[in-house]
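Shown next, in structure tokens, is the structure this report addresses.
Atoms considered below: every heavy atom in the structure, side chains included; atoms not considered: hydrogens, waters and symmetry mates. Chain identifiers are assigned alphabetically (A, B, ...) following the order of the sequence lines, protein sequences preceding nucleic acid strands; residue numbering begins at 1 within each chain.
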Amino acid sequence: MLKESTLEKDKLIDETLRHFEIEEREKLDLLPNLVEEWKKPEEEKFYAAQRGFTTILLGGLTKAHDYLVQGGFEGLGYKVQCLECPDSEALRYGKEMGNRGQCNPTYFTVGNLVKHLIQLRDENGLSVEEINKNYIFLTAGACGPCRFGMYEAEYRKALTDAGFPGFRVITFEQKVDMQAVKDLGLEMNFKFYKTLIKAFIAADLINALGYRIRPYEVNEGETNKVLEECKDILYKSFSQKKWLSIALWKIRKKIAKIEVNYLQPKPVVDIIGEFWAMTTEGDGNYHMQSWLEKEGAEVHVQQVVFWLMYTIWEVEKFYTDRIHLKKHDEKGLKGEKPKKALRLIRLSRVLLKAFYGTYARLAGLKMVKLPDMTEIEAYAKEYYNTSLSGGEGHMEVGKLIAAAKKKKSHMVLSIKPFGCMPSAGVSDGVQSRIQELYPDIIFYPIETSGDGAVNVYSRVQMMLYKAKLKAKEEFEALLTEHKVTTNDLNGKAAAKKVQKALHRSPHRSTSTASNVALELV
Amino acid sequence: MEENQHVNSAPYKSPSKNESESQKVSRLIIGMDVGSTTVKAVVIDPETKEILWQNYERHETKQPELVRDYLNKITDSFSSVPRENWRIFITGSGGGTVSPHIGSKFVHEVNAVTLAMEERHPDAGSVIELGGQDAKVIIWKIDPVTGNKQVFTSMNDKCAGGTGATIDKIVTKVGMKNEELIKIPFDESKLHHIAGKCGVFAETDVVNLLKAGVPSDEIMCSLAEAIIKQNLSVLTRGNVLRDTVYLLGGPNTYLPFLKEAWKKRIPEIWKERKWKTPEGISPEDLIVVPENAQYYAAYGSALFGIHEDSSIGVYKGIDELVNYIENGRKDKLLSDGASKGLVKDRKEYKDFSDDYSIAPFQQATYEKGSTVKAVIGVDGGSTSTKGVLMDMDGKLIAKAYQLSNGNPIQDTKEILAQLRDQVHSQGAHLEVMGFGTTGYAADVLEEAMLADVNLVETVAHMRSATHFYGDIDVIVDVGGQDIKVLFMENGRIKDFKLNTQCSAGNGYFLQGMAQQFGIDIKEYANYAFEAEIAPIFNYGCAVFMEQDKVNFQQQGWQKEEMMAGLALVLPLNIWQYVVQEPNLKKYGKRFVLQGGTQYNLAAVKSQVDYIKEKVPGAIVKVHQHAGESGAIGTALEVIRVVQEKGESSFVGLENAIGITYTTTTSEDTRCYFCPNHCSRTFIDTTTPTGLTARYISGFSCEKGTVEDEDALKTLNEKTKDLKKLYPNIVDYAAKLSFRDFKPQLIPEGQQIEEEKEIRSLFKKRNMTITRPLERASDEWIQKRKNIRIGIPKALNLYSTAPFWKAYLQTIGIPKANIIFSDFTNDELWSQGSKWGSIDPCFPSKVANAHIHNLIFQKSNEKRHIDILFFPIVTHLQTQLKNTLDNAACPISAGAPEVIKAAFTREKDVFKEHDMTYYAPNFKMDEENLFKDQLFQNFNELLGVTEDENEWAFHEASKALQDYDRLQKEKGKALIEDLKAKNKVGVVMLGRPYHNDPGLNHDILESIQVMGFPVLSMQSLPQDKEFLDEVFGKDVQEGFITDPMDITDVWKNCYSENSSFKIWAAKVAARHPNLVVVDLSNFKCGHDSPIYNVIERIMETSNTPYFTFHDIDENKPAGSIKIRTKTIKYFLERYEASLANRQFRLAELEERMNKKREELHDLHRVSGDFNVQFIPHPLSVEANEKETVSVS
């Protein structure tokens, strides 16, 4: 009893003391702060039940790609809206809301989304709650070694700072979540990816036809006008879930009517570089593709499907590098069936090539095939270790060598954002040696930052001048060699009907005019 | 020093034919070069290519107008030549805008110069042209197979813009006149480090040198050296300049010391790269500056026209051009994108001017014969020196301001004289009670004048603002070079941001711009307010802004508009680039703007508008003594200090005014106490009363402060004691990386156990068998004993070298045969940088120099290096959990390939030195793959067997663990000690190469010698006890699954080094005795995405956090010092708060004990009592921290 009473009293003393301690701590300013350690905000998901009232915003590729992907997704039952091509205003938003020292694709694309949401809020009068509820942004995510892998965080930071905290940014990678959460809004299943790839191919083809024909059109502006009509046809085919083959056949007939004169010796300029900087068609690369065309070049761009081929090659390499190991690691092939996986990867490559080839033939894009990744790897590996990934990896180097060896172009322009790690920080250093080995090819790297357009144009012009001279010399040498004049060629061209928009002469020389001439002599 | 300052004033000159002859030609071609500052034109006879007419004038941003005037003059001069026979070809950065209006064809400048050179100087092998904005290199290479000449052309990249413009600005900054400039000889014994890659970095370096008292001529020579180095390393893209080299452009033409520097450096490269120059001619004579080269671009564009079809470039008169000037320009600009001007009308201007103009200072009046007792505060700023007199009650009685004329002592003498004269002119006598100084020149002035106070700038500005404006929330100080934004709470600095190097030079930029337009800075606002529209400048980098300026100029913007545009960009630079916070509201409503730039009403207008837009209801004041706020704050501190100590140490006013000084930079003053061999400057001062002092500047470490061996010995002992007291684990880790970890070599006859799968008819089972370890052949083993392997101390080698060294040792390479390059130092960088071809981050570029160091320094006849091993590490091992990937930075990983290209592009340097360059790839975070890669590669290279590989892998991994363990042991002990003593330790957040003293710019050492120990991230303990203490709560509450998990704060954890930085930041945020210094390099693409994450972690936990972002090859000692002084100030306060807390805890304990006794007594007396216990919601174990964050 006594013991119990003592214990009770000790407890009371302790409690009193504890109370006293808190009071004294307050007096002595010894209370802790209420601030917790920082945690990243929770991310909201997009659920199937929200599909009916949710608009998916997307953008970031060429205008044709964005438009046709929109059509494809609409065909799958989603509400979709493409963002405009990012411009300087988007860049300003991106810089204001983003981290300092980012590369400009981040600023442009992040800023473009912020700009659009601000427009929805301020011009369309939607509240932030309505925007957060009714819109999501879909973008490619990547586990790349350059900062591209971290873009997604930039979106979240910028959106929070711009007054849209909680706005949902969904990346393609969320297919992993799909398995865990079955009712996610975006069903990233086979149908989804098939539609996406078909839209990519269709957009690639229409772009490629444009770049092939536009420099030689007789009536200025005709190509773009026809292509716009063609895009609409393709868009409808996707959104109304009709046969793509039929739509491609229809556009082929339209494009074939464009009047051309292929006997103009124009320099061929290959654009390579960092994916976004070389792909965008706006202020992000100073409208480089159209500017080069205006300056008298035939431009070859990298198609989005080429990038898919590269990612397939990367996955295949991942397996072939490890398949022979006696033991596998967590980050390697542990728990996987590598042989089966390799078979699937190789099959997907074959299928992609087959689809691309078939669609290209239907659209009238002759003599085109997807790049052989093994060949590019073989070209590059002596100079650029092919295990170095990030950005375009070894591809830039491989493509330059291929362009030089196969006389594919007079000039290779490598466009990359200012401070691009894999491209400006590594590839360009290696390219200086490639240039030395292949002095006939003109290579020029430019870094873009959204400002100083005159400086950039000036530098490209410096090189384009040389390319123009080369194209002219090449054509004139050919005329001399075959003792023909331009007039002779024009006559023959009319007879042989080579001056057709969809005509393509076999590749024997570099410029289109030279190849046509060689076909005629 | 710009070309246009030497413009031929003659408006008309016929160099080859007289006027009557000129009239005889039937056709003519006009070649015109519309540059960034001047327009040059020639008229040639297309038959003979002779120049008939030429002119060269500055356009003052009115390019179309000047082109119009030229064309009118040409029309007058060649009236007899039928107009249809005129053709015109135009070049230059401004040519594109004008060209379409006159029918001309645009020719690229490089092509034009190439044609002119081929015409005039067929012997030319190379051209280096330095223009106002662009630098160009042309090299004519001879194809070894065909013998044909091929032209290689290159222009400076984006960052290196502003060559001539940068020289111009720096000439103004050092205060030299043209006549002095042309007399400077190039003296290579007096060179100081200046960054050549970036105009802003160069300016930062120059300010630091100037304020350390380095003479102007030495600075100009150093600048020439820097420009040449940059051009040789990047602009030539690794090509050797072929002889004969022609130097073109304004700076090359008019700066003899620059020409001399080229003549010195180019032959050195020829020698090093074994380039054969023609016999019988001195290599120096193969570097030539041709006469009249300023016309080459114009002449070349005219030559271009000769080869073009006659229908191209037909001159169509000036009517369209005139129409464009008068009507079309504005429409075009508006359609291209423009912002509104600063004010919409005169009324708005007047209202604003009435509210914000700073009232003229009313100087105090004194009675004749009276004595004025006052203190002096001097702010030796980056571009100007300011001084104030303040009476002992804190009243400002006189002030003086002047732009720097070069030497800080001279500037201060003049300022002091001005202050004295303001009192003496009234017949009163000035008695100086104390003297204090702040700013870039504070140290030299403190030494020379025995200042009572040497106050850190931030504090000086804070004191001044609160003195005049009391309770304020934000102070925005915009000086010449620096932007400081101070955030206040209860009259104390709560947080602050300083610009990085990249956003430096804003005030001075506006001043420079005014100067370029020939306008007094005081008139800036008057012009800027005139503009109705303004171009939209990009903010951030001053070099990019400079390029924008040229761009806008070419588009036809006028100077008033550009000045308005630049004023408008200032707040973006402050708030979006330096502060990086779109939400200004969170800082409060009361803003004070100060700093010399605030005298510019246009700059004030844009800032006030910006703040008021972001913070409705904001009260924005402009400090009534905006320019002198630093000096005022210092004077206030002087009053406090002299009152406290009762006397002043100041040498006295007349003594200070009469000080004489000499500055010496020579081989005798060079510091040889470490491998950096810093070029030091001694400033010796003597007062009229014979007091002497010596101030030494230009050194990069403490050793530079002494002059002889004895003093060095004493210093070393002192430093040793200090370092013992305040360890620097980063420095320890740097050395530890390359130490011998004594791996166990493979014993003779070693047996190994192996798991084997035994298959029988019905089943398979595993069994362990013992067998001899398979060794390589004797031949290989013998060969390995004699092979020497060189490894660069670069990039991720700072975290992986223990592995490689131990691996190589284990397979039989003697440890003495594993040779590392030196730690980065100036000499190493200077020698090796010339081999670069691109311009990525400094840590990557410096790797080139390390390979150079191994080839040319470490390898010699006696100890020849056979293999250069530079692993391509694509992925690093990690100690973290749940990461998505552990990638190395792609630039670090790819650097070995870039280096291979650099040393093999024109000829194979490795082969020449009989070396094998070996750069295989490794993925270190996948053990089995990594082992396989090791085997595949070292089997190929050194015949390593699988068993040897397995053994070596084990030993190498052990070495890496030891490397980690040793750091952690030190870290653990240090943290325990810090806790016991209520001290703080500074954790360096950085990438592995930041351990290199040459890359961290000794920032950590300077923090260490200030009395704060430094910890590496790897030294942070990871034992259970420590991790439980730090992260136990987070794990318990389910935020993370493991203490080494960072997914609660960072989802995109792909980059190992970035992820580990975040983990270390989390540790520091949770530990009261740890604060953070975050180092990051310019162009670091893996750090920039996490800037904000680390900042959030630090700010939320109120952990002192200091950043040194945008570190590059330059080492702005003065700027670093200002920052480290600030760090010291804050850390001392933070430590004091820790100690104070400890004191209060002791007090609490005493009160608790007393209370306990009372309660027990009460219990004994009453036998019973009752209380109601109220639990408190807060956990008493949590810690409090103070907020500080510096950029």
Side-chain angles (χ1 to χ4, degrees), chain A residues 9 13 15-17 19-22 24 28 30-33 35 37-40 96-97 99-102 143 145-147 149-150 152-153 157 161 322 325 327 329 331-332 384-385 387-388 390 418-419 421-422 425-426 428-430 432-433 436 439 447 451-452 454-455 458-459 461-462 465, chain B residues 108 110-111 150 153 155 158 237-238 538 544 547-548 551 554 576 580 582 837-838 840 872 874 884-885 887 890-891 893-894 897-898 901 905 921 925-929 932 1048-1049 1052 1054 1069 1083 1085 1088-1089 1091-1092 1096-1097 1100-1101 1144 1148 1151-1152 1155-1156 1159 1163 1171 1173 1176 1178 1182 1184:
Chain A
K9 278 169 187 169
I13 288 172
E15 280 179 355
T16 313
L17 273 172
H19 192 189
F20 175 78
E21 182 185 342
I22 290 160
E24 291 306 301
L28 289 165
L30 278 170
L31 284 176
N33 294 330
V35 185
E37 280 87 16
W38 186 71
K39 303 278 181 253
K40 73 178 169 56
E96 181 178 353
M97 307 300 171
N99 271 306
R100 200 164 40 75
Q102 290 296 349
C143 176
C146 82
R147 42 193 150 183
M150 310 182 205
E152 189 232 6
K157 178 199 178 293
D161 287 349
R322 291 164 177 80
L325 298 178
K327 283 185 195 168
D329 304 283
K331 288 203 178 287
Y384 195 114
N385 191 306
S387 290
L388 282 168
F418 175 70
M421 302 174 82
V426 185
D428 285 354
V430 177
S432 69
R433 185 172 177 215
E436 199 67 30
E447 289 184 83
D451 52 7
V454 171
N455 274 325
S458 163
R459 280 150 179 73
Q461 241 163 3
M462 168 177 84
Y465 167 72
Chain B
H108 194 275
V110 169
N111 302 324
Q150 280 171 332
T153 49
M155 286 174 82
K158 206 171 159 47
R237 310 274 171 216
N538 283 285
F544 292 4
Q547 286 168 5
D548 268 349
N551 204 357
Q554 286 151 11
Q576 296 186 18
Q580 279 269 296
S837 55
I838 48 170
I872 292 175
T874 59
L884 294 171
D885 200 6
I891 294 190
E897 292 290 44
V898 177
R905 67 184 317 275
N921 63 287
D925 67 336
E926 252 184 81
E927 186 178 317
N928 289 296
L929 177 68
D932 184 62
D1048 57 332
V1049 293
N1052 310 71
Y1054 300 121
K1083 284 191 176 177
S1088 55
Y1091 284 163
N1092 181 257
R1096 292 274 169 97
I1097 294 171
T1100 310
S1101 63
R1144 283 177 284 138
L1148 177 71
R1151 290 185 195 181
M1152 292 287 289
K1155 182 75 178 175
R1156 189 174 289 113
L1159 287 171
H1163 171 65
V1171 289
F1173 177 68
H1176 197 281
L1178 301 178
E1184 62 176 4

If you count heavy-atom pairs under 4.5 Å with chain B, which of A:Q102, A:K327, A:K40 comes out on top? A:K40
Chain B contacts, top residue of A:E96, A:Q461, A:K157 (heavy-atom pairs, under 4.5 Å): A:E96
CG of B:L1148 to CG of A:L28, rounded to nearest 0.5 Å, is 6.0 Å
Distance col, row A:K331:NZ vs B:D885:CG, nearest 0.5 angstrom, shows 6.0 Å
What are the two closest heavy atoms between [X] and [Y], and how far apart are they?
X	Y	value
A:A153	B:N1052	CB-OD1, 3.7 Å
B:H108	A:R459	NE2-N, 4.0 Å
A:D161	B:R1096	OD1-NH2, 3.6 Å
B:V1049	A:W38	CG1-O, 3.2 Å
B:A901	A:G429	CB-O, 3.6 Å
A:G425	B:P840	CA-CB, 4.0 Å

Let me know if [X] has heavy atoms under 4.5 Å from chain A in its side chain, its backbone, both or neither.
X	value
B:T874	side chain
B:N921	both
B:V110	side chain

Does A:E24 form a salt bridge (charged side-chain N to carboxylate O under 4.0 Å, His left out) with B:K1155? I'd like the steps, not just the answer. CA-CA 11 Å; A:E24 291 306 301; B:K1155 182 75 178 175; over 6 Å; no
So does A:N99 get a backbone contact from the side chain of B:N1092, meaning a donor-acceptor N/O pair under 3.5 Å? no
Between A:E21 and B:M1152, is there a donor-acceptor pair closer than 3.5 Å when you use the side chain of the first and the backbone of the second? no
Looking at B:A893, B:P1089, B:G894, which one has more heavy-atom pairs under 4.5 Å with chain A than the rest? B:P1089
Under a 4.5 Å cutoff for heavy-atom pairs, which residue among B:D1048, B:I872, B:D925 has the most contacts with chain A? B:D1048
Verdict with reasoning, A:F418 to B:K1083, per side chain to side chain contact (heavy atoms under 4.5 Å, CB included): CA-CA 9 Å; A:F418 175 70; B:K1083 284 191 176 177; 3.6 Å; yes
One pair to check against salt bridge (charged side-chain N to carboxylate O under 4.0 Å, His left out): A:E436 and B:R905. What are the steps and the verdict? CA-CA 6 Å; A:E436 199 67 30; B:R905 67 184 317 275; 3.5 Å; yes
Atom group of A:L17 that falls short of 4.5 Å from chain B, counting heavy atoms: both
